[in-house]
K.L.:
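One structure follows; several queries about it will come next.
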Amino acid sequence: MYNSIKLSEKVHWVGVNDKETDLFESLWPLPEGISYNSYVINDDKVALIDTVKINYTDTYLEKVKDVIGDKKVDYLIINHMEPDHSGSIKSMREAYPEMKIVGNAKTMNFLEGFYGITDGTMVIEDGDELDLGSRTLKFYLTPMVHWPETMMTFDQKDKILFAGDAFGGFGSLNGYLFDDEVNVEHFKDEIRRYFSNIIGKYGPVVHKTISRLRNEIEEIGMVASTHGLVWREDPAHIIEEYDKWSQQQTEEGVVVVYGSMYGNTKIMAEAVARSLSENGIEQIKLFDVSRKDISFIINDIWKYKGIVLGSCTYNTEIFPPMEYLLKSLESRNLRDRVLGIFGSYSWSGGALDRLEEFKETVHCDLVEPVIESQFAPGGDILEKCYLLGKNVAETVKDKC
């Protein structure tokens, strides 16, 4: 046995867990690991839904064989061509040479580019269906959720939505697979971190896609993503969470992020944080941008209504780790937040200029005062920091 798990009588999870990769996409830390979910439908015709990362091909192939025995694989359906899901395609083609690879026109460009495969393919269009015997699969093209070729596959008999990367999350599956087998709240931070870092940039497209699925699919009985939990007890929950995040809906709370070389900017950030607490904000996240991985900062910024950003100046420009954060937020089209900013310098300004430029780029409500401190912050500067915290707190509470 290779630990395949039944979703229904003829549908099995044949994915793998990765606890060895430290950085997803060589960017995002994986303290809890990650799963690569693949599914096999063992009907009159056998269909695979996506594959797994190349490192796990042997285990994956054995899992598939464990389910289907001596039967052949008729179709490999590719919802997403990113290599963590398509890495085993060539090996599966070698094992099952008659297998048709199913995808949309854009899928085929990626298939040739990554793996040199041009034959034995089946190009589908939006709304096309594929008969497997006792069930019919329907395809929904979902471009830019989050690559141009992404799509979803719906099993119309068992009401399972194979959603690609949508509705997924970080974290390996430690013996469990389904949402009713775990405390979902324990996973929510890692699911939102996955969304905010990987998919958040495409929020409007995600929202549009969810609206379409709700209009066109009468019932979704299960959501089976390519990462993380399979949602069978409450599939509506993960859809609602993704829809909320796609619209950047937030909770009451404030994230304070500072960049400080010698501690002076940190003093200002701590004064702001103390004022936030004194003025009724219970959820306060205080981050040193040099020492907390950016993915965790972005995750909390996606969660909370308020943001306060403060940075020292470095060689006449903003502190480099803070610049990375600003660019990351700009690329994700951050909006609808309450924003406070402050800067510091010794012999040359620059940090506050960049923060003010950021303020013009994102669609957030700037709260006064805008503060700039030279050298160590004196009493007058700290009073302004307390005022900034007070004003941010009041505005956040008013908008939540």
Side-chain angles (χ1 to χ4, degrees), residues 1-18 35-103 107 111 117 120-122 124 129-139 151-165 167-168 172-173 176-178 220-232:
M1 290 291 293
Y2 282 86
N3 296 321
S4 62
I5 302 173
K6 277 190 176 183
L7 275 66
S8 68
E9 186 60 33
K10 294 189 176 183
V11 181
H12 291 72
W13 174 88
V14 288
V16 297
N17 288 296
D18 181 356
S35 69
Y36 310 118
N37 298 340
S38 174
Y39 308 91
V40 59
I41 304 174
N42 189 21
D43 210 315
D44 297 343
K45 299 283 188 179
V46 174
L48 293 176
I49 312 291
D50 293 303
T51 70
V52 300
K53 195 174 178 181
I54 193 170
N55 313 45
Y56 302 94
T57 296
D58 290 345
T59 299
Y60 172 63
L61 180 57
E62 291 301 325
K63 284 189 173 188
V64 172
K65 289 179 177 179
D66 190 53
V67 174
I68 69 174
D70 294 331
K71 293 175 71 174
K72 66 178 183 178
V73 175
D74 297 283
Y75 303 106
L76 170 56
I77 296 164
I78 304 297
N79 283 331
H80 184 23
M81 275 295 302
E82 203 164 358
D84 54 331
H85 308 299
S86 67
S88 297
I89 287 178
K90 289 185 74 172
S91 296
M92 296 307 293
R93 167 56 68 82
E94 291 171 2
Y96 300 101
E98 298 178 6
M99 175 184 75
K100 291 280 188 182
I101 299 177
V102 181
T107 306
L111 185 65
I117 297 175
T121 62
M122 177 185 296
I124 57 91
E129 298 183 347
L130 180 63
D131 184 4
L132 298 183
S134 72
R135 74 199 59 234
T136 302
L137 305 180
K138 186 170 183 178
F139 303 108
M151 67 183 202
M152 299 182 186
T153 302
F154 185 59
D155 179 342
Q156 297 182 102
K157 179 178 181 180
D158 288 336
K159 309 298 183 186
I160 302 172
L161 180 66
F162 300 100
D165 271 358
F167 312 123
S172 61
L173 303 169
Y176 40 75
L177 176 63
F178 301 103
I220 298 175
M222 200 178 303
V223 172
S225 175
T226 47
H227 295 296
L229 297 172
V230 172
W231 300 79
R232 69 177 177 186

K.L.:
Other residues, nucleotides and ligands only: do more than 12 of their heavy atoms fall within 6.0 Å of NZ on K100?
P.N.:
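12 or below, so no.
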K.L.:
Indicate the ring-plane relationship of Y36 and H227, choosing parallel, tilted or perpendicular according to the 30° and 60° boundaries.
P.N.:
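Ring orientation of Y36 relative to H227: perpendicular.
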K.L.:
Are any side-chain N or O atoms of R93 and backbone N or O atoms of I117, one a donor and one an acceptor, separated by less than 3.5 Å?
P.N.:
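A pair under 3.5 Å: no.
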K.L.:
Within the distance-only criterion (no hydrogens, no angle test), does the side chain of R135 pair as donor or acceptor with the backbone N or O of Q156 below 3.5 angstrom?
P.N.:
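Here the side-chain-to-backbone pair does not exist.
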K.L.:
Can you tell me how the ring of Y39 sits relative to the ring of F162, calling it parallel under 30°, perpendicular over 60° and tilted otherwise?
P.N.:
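Correct class here is tilted.
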K.L.:
Look only at the side chain of T226 and the backbone of N37, and say whether a donor-acceptor pair between them is shorter than 3.5 Å.
P.N.:
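Checking the backbone N and O of N37 against the side chain of T226, no donor-acceptor pair under 3.5 Å is found.
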K.L.:
Measuring from atom CE of M152 to atom CZ of F139, what distance do you get when rounded to the nearest 0.5 angstrom?
P.N.:
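Answer rounded to 0.5 Å: 14.0 Å.
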K.L.:
For D131, does its backbone N or O pair with a side-chain atom of T136 as donor and acceptor, under 3.5 Å?
P.N.:
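Not at all, since once roles are kept as given, no pair shorter than 3.5 Å links the two residues.
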K.L.:
Would you compute the distance between atom OG1 of T107 and atom NE2 of H80 and round it to the nearest 0.5 angstrom?
P.N.:
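It comes to 10.5 Å.
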K.L.:
Taking K63 for the side chain and G15 for the main chain, is one N or O donor matched with an acceptor at less than 3.5 Å?
P.N.:
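Yes; judged by distance alone, with no hydrogens or angles, the pair exists.
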K.L.:
For the atom pair CG (D158) and OG (S134), what is the distance rounded to the nearest 0.5 Å?
P.N.:
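Reported to 0.5 Å precision, the distance equals 7.5 Å.
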K.L.:
From the options T57, D50, N55, select the one residue that forms a side chain to side chain donor-acceptor pair (under 3.5 Å) with S88.
P.N.:
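Single side chain to side chain donor-acceptor pair (under 3.5 Å) partner of S88 among T57, D50, N55: T57.
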